[in-house]
Amino acid sequence: MYQVTIQNLDEPTRKPSVYNVTDTKLDVNGIQPCSNYLITVSSFSKFLLLSEPTNYNYSTNMDYSCTTNSVKVSWSSVIGASSYLATAMGENGTKMECTSKSTTCTIIGLRCGQYYEVNVIPISDNCKNQFNTTSASFQTVPCPPGNLMLLRECTGNVIVFSWNHTSNIDYYMARAVDSKGEVMTCLTEDNSCYFTNTECGRRYYFTVNSFTKGCRSEASASVDVQTAPCIPQNLKTSASCSSDVLVSTWDHAEGALGYVVEAKGNIRNSSYTCKSNSNSCAMEGVLCGDQLTMTITASDAECSSPAHLGPPAETEPCPPSQLTASVNCTDNSAKLTWDSSPNAVSYTGKATSSDGHIVTCEAGLKLGCQLNGLQCGKKYTFTVSASDGDCRTVDSEPVNHTTAPCAVQGVLTKLNCSTNALSITWTPGSIPVNYSATAVAPNGTTLRCFTEDYKCTLGSLQCGYQYNVSVKPISSTCEGQSSVPEIINSVPCVPLNVQSNLECSTNTLQASWKAAAGATSYISTLRGAKGFSASCQTTNQSCAFPDLQCAQSYSFSVVAINDRCNSTNSNNVTAKT
């Protein structure tokens, strides 16, 4: 709600008229001509407290038009006057006139920013009444401010708009319109305005109007200024695989005419720069294995945006160094190790044989991996490469190793039953190596021979043993796998404790002996007079010879037998029927 008070200044003892209204206008009746009024307007708060009033002086003698720079003057008629001369005298001495035979006339061509005093002189025929004139005064619309100035700092978002003071004004209204049509205004009694929170990368056009007693001057001339370019956004940088080029892209920044991208290495103390008028640029000659701090700046002809820190970038990893390869002779695997490569997120080890066999292993972020499935008896070249998820390096410096010799094939054995010596032969491998032939008894007794040839003889095998015979190739760095063991039974031992038991009633000779090591069966031979001979083969430790002739002397012995050889005869034992 508002409170409007109207006071007739020509009748100071008369009570003012007071109105409480909710609208922003009020129609007032009963205004007297040729009178001066003081109009005040105050606003009520929600607690019905009145604000400070805004005052306005109004005269019914004149009706000044702000838009046409004219004033309509009115007066009461004078007896005897045939016409009237209204004169408006300005502060600077300029005089404007109008004549009328009625009680009103309009003076045109008034100048801005002037305080005019108006006099009306009655005229009768050729006589002017210079003494009985009536007068009034008014203020014309203020002139537009001049000497417009703009102050803008590239690093801030404030533009200071200033101008020269215009006389006889109540306040100014400055107006800024940017290149997108957005409007900002500022009311001030001072001769400057601070336009804050201006948008980057836009051109602002400024004008100012002066206001006096409800009249607004024409707009001043226009001045303009460009704010600093906006900060580029969405900076992205990526390395070009297998090259030394770093490519950056970004979104166009409003108001920018050019861009500068800078990259500073955090590992290798490197620095790179590229400039562009578009939204991409490339930096050449970047070093591998670096982590870069990326910034971008936009600029126009006068200002640069603040440097914008983009996401960090990484160059392509360097090939790993200090590669070592350790070959496991037992299973023909190889363990690789290497030093870390900056920016790598995974590593791949590789072994390539002379005939093109390739084995790889993936290590993730570990600095080593194991290559399984290498083929025996081959020379391999070992390398490692690194990847950052997008790019893979070239292979590292190679390391060469030969895997363990292949297992011997075609092993043949031959046992000499008379000497208990074992001859072994085999097929030689594809690479020159030494060989170790071994025969191992159950009790751990080992017989071994070394040779560069593909045969050897193991002597002095113990009787009655089952030997595991194998051949192992041996290179300068590895022992190969032994051949498939071949089980060889040596010559059986001679049966011992041979005894005879004679049943006199039947003339049956019962022969017995202790078990002989290595024997699978036995042959017992009985000999008598006149060339008599009988034999008995059994897997037991006894044999019976029935129905012998009476009154005869007999002798017998036992031989042990296995799959390869017979033992020598046991001691002879005699018996008499």
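Worth saying up front: this structure is predicted, and the values here are computed from it rather than measured.
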Do you see a donor-acceptor pair shorter than 3.5 Å between the side chains of [X] and [Y]?
{"X": "S557", "Y": "S570", "value": "no"}
{"X": "Q370", "Y": "N372", "value": "yes"}
{"X": "N540", "Y": "S542", "value": "no"}
{"X": "N416", "Y": "S423", "value": "no"}

| query | Are T451 and D453 close enough, and set up right, to give a side chain to side chain donor-acceptor pair (under 3.5 Å), and what steps lead you there? | reply | CA-CA 5 Å; T451 180; D453 205 350; 5.2 Å; no
Please answer whether the main-chain N or O of [Y] pairs with a side-chain N or O of [X] as donor and acceptor at a distance below 3.5 Å.
{"X": "H401", "Y": "A325", "answer": "yes"}
{"X": "T539", "Y": "T520", "answer": "no"}
{"X": "S240", "Y": "S238", "answer": "no"}
{"X": "Q233", "Y": "I231", "answer": "yes"}
{"X": "S490", "Y": "Q462", "answer": "yes"}
{"X": "R564", "Y": "C417", "answer": "no"}
{"X": "N279", "Y": "H252", "answer": "no"}
{"X": "T577", "Y": "Q549", "answer": "yes"}
{"X": "D251", "Y": "N234", "answer": "no"}
{"X": "Y435", "Y": "P428", "answer": "no"}

[X] atom [atom1], neighbour heavy-atom count above 12 within 6.0 Å:
{"X": "N269", "atom1": "CG", "answer": "no"}
{"X": "Q537", "atom1": "CD", "answer": "yes"}
{"X": "D224", "atom1": "CG", "answer": "yes"}
{"X": "Q552", "atom1": "CD", "answer": "yes"}
{"X": "F532", "atom1": "CZ", "answer": "yes"}

Would you call [X] and [Y] a side-chain contact if the rule is heavy atoms closer than 4.5 Å?
{"X": "T297", "Y": "T295", "answer": "no"}
{"X": "N571", "Y": "V498", "answer": "no"}
{"X": "I424", "Y": "V471", "answer": "yes"}
{"X": "N157", "Y": "T227", "answer": "no"}
{"X": "R175", "Y": "V177", "answer": "yes"}
{"X": "R268", "Y": "C288", "answer": "yes"}
{"X": "L461", "Y": "Y467", "answer": "yes"}
{"X": "Y347", "Y": "P320", "answer": "yes"}

| said: Before you tell me yes or no, could you show the steps for N497 and Q499 under side chain to side chain donor-acceptor pair (under 3.5 Å), namely the whole-Å CA-CA distance, both residues' side-chain angles and the distance that decides it to 0.1 Å? | reply: CA-CA 6 Å; N497 198 21; Q499 296 179 356; 3.1 Å; yes
| Does the side-chain contact (heavy atoms from CB on, under 4.5 Å) test come out yes or no for W426 and S483, once each step is laid out? | CA-CA 10 Å; W426 56 86; S483 62; over 6 Å; no
Return the [atom1] to [atom2] distance between [X] and [Y], rounded to the nearest 0.5 Å.
{"X": "C543", "Y": "Q510", "atom1": "SG", "atom2": "CD", "value": "8.0 Å"}
{"X": "S179", "Y": "E199", "atom1": "OG", "atom2": "CD", "value": "10.0 Å"}
{"X": "D563", "Y": "N489", "atom1": "CG", "atom2": "CG", "value": "4.5 Å"}
{"X": "I474", "Y": "C478", "atom1": "CD1", "atom2": "SG", "value": "11.0 Å"}
{"X": "T508", "Y": "L548", "atom1": "OG1", "atom2": "CG", "value": "6.5 Å"}

| Worked verdict on T402 versus S475 for side-chain contact (heavy atoms from CB on, under 4.5 Å) | CA-CA 9 Å; T402 301; S475 69; over 6 Å; no
Side chains of residues 374-390: which donor-acceptor pairs under 3.5 Å do they make with residues two or more places apart or in other chains?
from, atom 1, to, atom 2, distance (Å)
Q375, OE1, K378, NZ, 2.1
K378, NZ, D355, OD2, 2.6
Y380, OH, H357, ND1, 2.8
Y380, OH, Q375, N, 2.9
T381, OG1, N400, OD1, 2.9
S385, OG, R392, NH1, 3.1
S387, OG, G389, N, 3.1
S387, OG, C391, O, 3.3
D388, OD1, D390, N, 2.9
D388, OD1, C391, N, 2.6

| said: Show, in sequence, the C-alpha distance, side-chain angles and deciding distance for T574 and S555, and conclude whether the side chain to side chain donor-acceptor pair (under 3.5 Å) test is met. | reply: CA-CA 4 Å; T574 60; S555 68; over 6 Å; no
| field | side-chain contact (heavy atoms from CB on, under 4.5 Å) partners for I267, two or more places apart | value |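 I267 satisfies side-chain contact (heavy atoms from CB on, under 4.5 Å) with D290, Q291, P342 once adjacent residues are dropped.
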| Residue list, side-chain contact (heavy atoms from CB on, under 4.5 Å) with V247, at least two apart or on another chain |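 side-chain contact (heavy atoms from CB on, under 4.5 Å) check on V247 returns V245, A282.
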| query | Would L526 and L509 satisfy side-chain contact (heavy atoms from CB on, under 4.5 Å), going step by step from the backbone distance to the final call? | reply | CA-CA 9 Å; L526 182 69; L509 178 67; 3.5 Å; yes
| Aromatic ring pairing F161/F206, orientation class (parallel under 30°, perpendicular over 60°, tilted between) |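 Correct class here is tilted.
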| query | Is it true that E182 and R202 have a side-chain N and a carboxylate O under 4.0 angstrom from each other? | reply |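 A salt bridge is present here (some side-chain N lies under 4.0 Å from a carboxylate O).
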| task | Under the side-chain contact (heavy atoms from CB on, under 4.5 Å) rule, what do W250 and C281 come out as? Steps first, then yes or no, please. | result | CA-CA 9 Å; W250 56 88; C281 69; 3.9 Å; yes
| Output field: ring centroids Y554/F545 closer than 6.0 Å |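 Centroid separation for Y554 and F545: 6.0 Å or greater.
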